[in-house]
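Below is one structure, written out as structure tokens; comments come after it.
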Amino acid sequence: MPTERFLLSASILSADFGHLEDQIRQIEQCDVDWLHIDVMDGVFVPNISMGPFVVETIHSLTKLPLDVHLMIINPERHVEAFAKAGAQSISIHWENNNNVHRTLQTIRGLGCKAGIVINPGTPVACIEALIDQVDLILVMSVNPGFSGQQFIPQSTAKVQQVRNLLTASSSKAVIQVDGGINETTAKDVLHAGADVLVAANAIFRYPQGIQAGVAALRKSAL
């Protein structure tokens, strides 16, 4: 069963960048734990977004932990720049890094929490050998690249598989889910064993405003 105190990471990708500081101030007044920053290069995923400079700017605006998700080729070349920019956790994809074990070690060596990400088509078994190297496992519940996509229903079963894997290995890593998270899907993945929810439109574009969006997601755990 989920608990009321799951971690909530607000995805900046859906924020209004014309009023970013104001939106961050609103987030700080809500029950949000992290800020999630999606970094995309237009190669690994079909979109382009933020780099280290934006992370550094956001870091200067808030004390909330910055949860950076690298959707880029050759992430090992860039993890140090994001760590220096203020990232507290850095997650990389299993699918695009031949030396993923080494890159995870590098992230931890930089003083950040290390996360491994798996896309909807990637089996959970692929990350079994990495469990002792990660602090976070991010299950993508949409194909990465754009916010506002519909949750892929099979993701709930995948979260349960990751939970079983962590239990079997006595790992203290947390399970994060990103993509199509709203009041309904949040409840489903929390029941399946998720610890951290990433929400974008459900927070920043909630019809009644940011605070109401966060409250609705929190209520979904009850």
Side-chain angles (χ1 to χ4, degrees), residues 1-2 6-15 32-49 67-73 75 89-97 100 115-128 130-131 134 136-167 173-207 213-214 216-221:
M1 294 290 292
F6 63 89
L7 297 177
L8 184 57
S9 191
S11 177
I12 287 292
L13 191 62
S14 287
V32 169
D33 301 285
W34 302 346
L35 286 177
H36 187 83
I37 302 174
D38 287 311
V39 178
M40 298 180 278
D41 63 1
V43 180
F44 179 61
V45 294
N47 199 1
I48 298 174
S49 66
D67 169 34
V68 174
H69 174 193
L70 298 184
M71 291 176 271
I72 60 177
I73 61 170
S89 63
I90 300 175
S91 296
I92 61 170
H93 277 257
W94 178 87
E95 296 87 2
N96 71 335
N97 192 340
V100 64
I116 190 69
V117 190
I118 49 176
N119 281 338
T122 301
V124 172
C126 291
I127 61 170
E128 187 171 353
L130 301 170
I131 293 302
V134 298
L136 181 154
I137 297 170
L138 171 49
V139 177
M140 291 301 301
S141 44
V142 298
N143 289 299
F146 298 94
S147 63
Q149 297 184 67
Q150 293 295 311
F151 180 87
I152 297 174
Q154 292 83 355
S155 305
T156 303
K158 182 175 280 189
V159 172
Q160 182 65 66
Q161 292 173 32
V162 176
R163 174 54 61 199
N164 293 341
L165 176 60
L166 294 180
T167 299
V174 298
I175 302 172
Q176 185 179 69
V177 182
D178 183 5
I181 294 298
N182 55 37
E183 297 159 67
T184 300
T185 58
K187 185 173 184 177
D188 291 341
V189 297
L190 288 168
H191 274 278
D195 304 292
V196 187
L197 302 184
V198 177
N201 286 0
I203 293 178
F204 287 104
R205 300 185 185 180
Y206 195 74
V214 171
L217 287 169
R218 287 291 180 197
K219 188 177 180 180
S220 69

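- Summarising the geometry, atom CG belonging to Asn119 is positioned 5.0 Å from atom CZ belonging to Phe44; distances are rounded to the nearest 0.5 Å.
- With sequence neighbours excluded, the residues forming a salt bridge (Lys or Arg N to Asp or Glu O under 4.0 Å) with Asp195 are Arg163, listed by chain and number.
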Show your working on side-chain contact (heavy atoms from CB on, under 4.5 Å) between Ile181 and Val198 and close with a plain yes or no. CA-CA 7 Å; Ile181 294 298; Val198 177; 5.7 Å; no

Chi angles and distances behind the side-chain contact (heavy atoms from CB on, under 4.5 Å) call for Val174, Leu7: CA-CA 10 Å; Val174 298; Leu7 297 177; 5.5 Å; no

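- With sequence neighbours left out, Ser11 forms a side-chain hydrogen bond (donor to acceptor under 3.5 Å, both in side chains) with Asp38.
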Please step through side-chain contact (heavy atoms from CB on, under 4.5 Å) for the pair Val214 and Tyr206, ending with a clear verdict. CA-CA 9 Å; Val214 171; Tyr206 195 74; over 6 Å; no

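- A donor-acceptor contact shorter than 3.5 Å links the side chain of Ser141 to the backbone of Asp178.
- When all heavy atoms are compared, the tightest approach of Met40 to Asn47 is CB-O, 3.4 Å.
- Note that CE of Met71 is 6.0 Å distant from CE of Met140, once rounded to the nearest 0.5 Å.
- A donor-acceptor distance shorter than 3.5 angstrom exists from the side chain of Asp41 to the backbone of Val43, with no hydrogens or angles considered.
- Put simply, the side chain of Asn96 gets close to the backbone of Ile72: a donor and an acceptor are under 3.5 Å apart.
- By the 4.5 Å heavy-atom criterion applied to side chains, Ile12 and Phe204 are counted as neighbours.
- For the pair Lys158 and Asp188, the salt-bridge criterion is not met [side-chain N within less than 4.0 Å of a carboxylate O].
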One pair to check against side-chain contact (heavy atoms from CB on, under 4.5 Å): Val196 and Leu138. What are the steps and the verdict? CA-CA 9 Å; Val196 187; Leu138 171 49; over 6 Å; no

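- Scored by the side-chain hydrogen bond (donor to acceptor under 3.5 Å, both in side chains) test, Glu128 finds no partners at all (sequence neighbours excluded).
- Evaluation of the side chain to side chain contact (heavy atoms under 4.5 Å, CB included) rule for Ala202 yields Ala199, Leu217 as partners, not counting sequence neighbours.
- To the nearest 0.5 Å, atom CG of residue Leu136 and atom CD1 of residue Ile116 are 10.0 Å apart.
- In terms of heavy-atom proximity, Phe151 sits nearest to Gly180 at CB-O, 3.7 Å.
- The aromatic rings of His69 and His93 lie parallel to each other, with less than 30° between the two planes, well short of the 60° mark.
- Under the 3.5 Å distance criterion, the side-chain polar atoms of Trp94 are left unmatched by any main-chain donor or acceptor of Ile127.
- Looking only at distances, no side-chain donor or acceptor of Arg218 sits under 3.5 Å from a matching main-chain atom of Val32.
- Not counting sequence neighbours, the partners of Ser9 by the side-chain hydrogen bond (donor to acceptor under 3.5 Å, both in side chains) test are Asp67.
- Here the straight-line distance linking atom OG of Ser89 with atom CD1 of Ile37 works out to 9.0 Å at 0.5 Å rounding.
- Nearest heavy-atom pair, Ile152 versus Val142, reported as atom, atom and distance to 0.1 Å: CD1-CA, 3.9 Å.
- Checked by atom type and distance alone, the side chain of Glu95 never pairs as donor or acceptor with a backbone atom of Thr122 at under 3.5 Å.
- Within the model, atoms OG1 of Thr167 and CD of Gln160 stand 8.5 Å from one another, a figure rounded to the nearest 0.5 Å.
- Taking both residues in full, the closest heavy atoms of Ile175 and Gly193 are given as CD1-O, 3.6 Å, listed atom of the first, atom of the second, then distance.
- A search for side-chain hydrogen bond (donor to acceptor under 3.5 Å, both in side chains) contacts involving Asn182 returns Thr185, not counting sequence neighbours.
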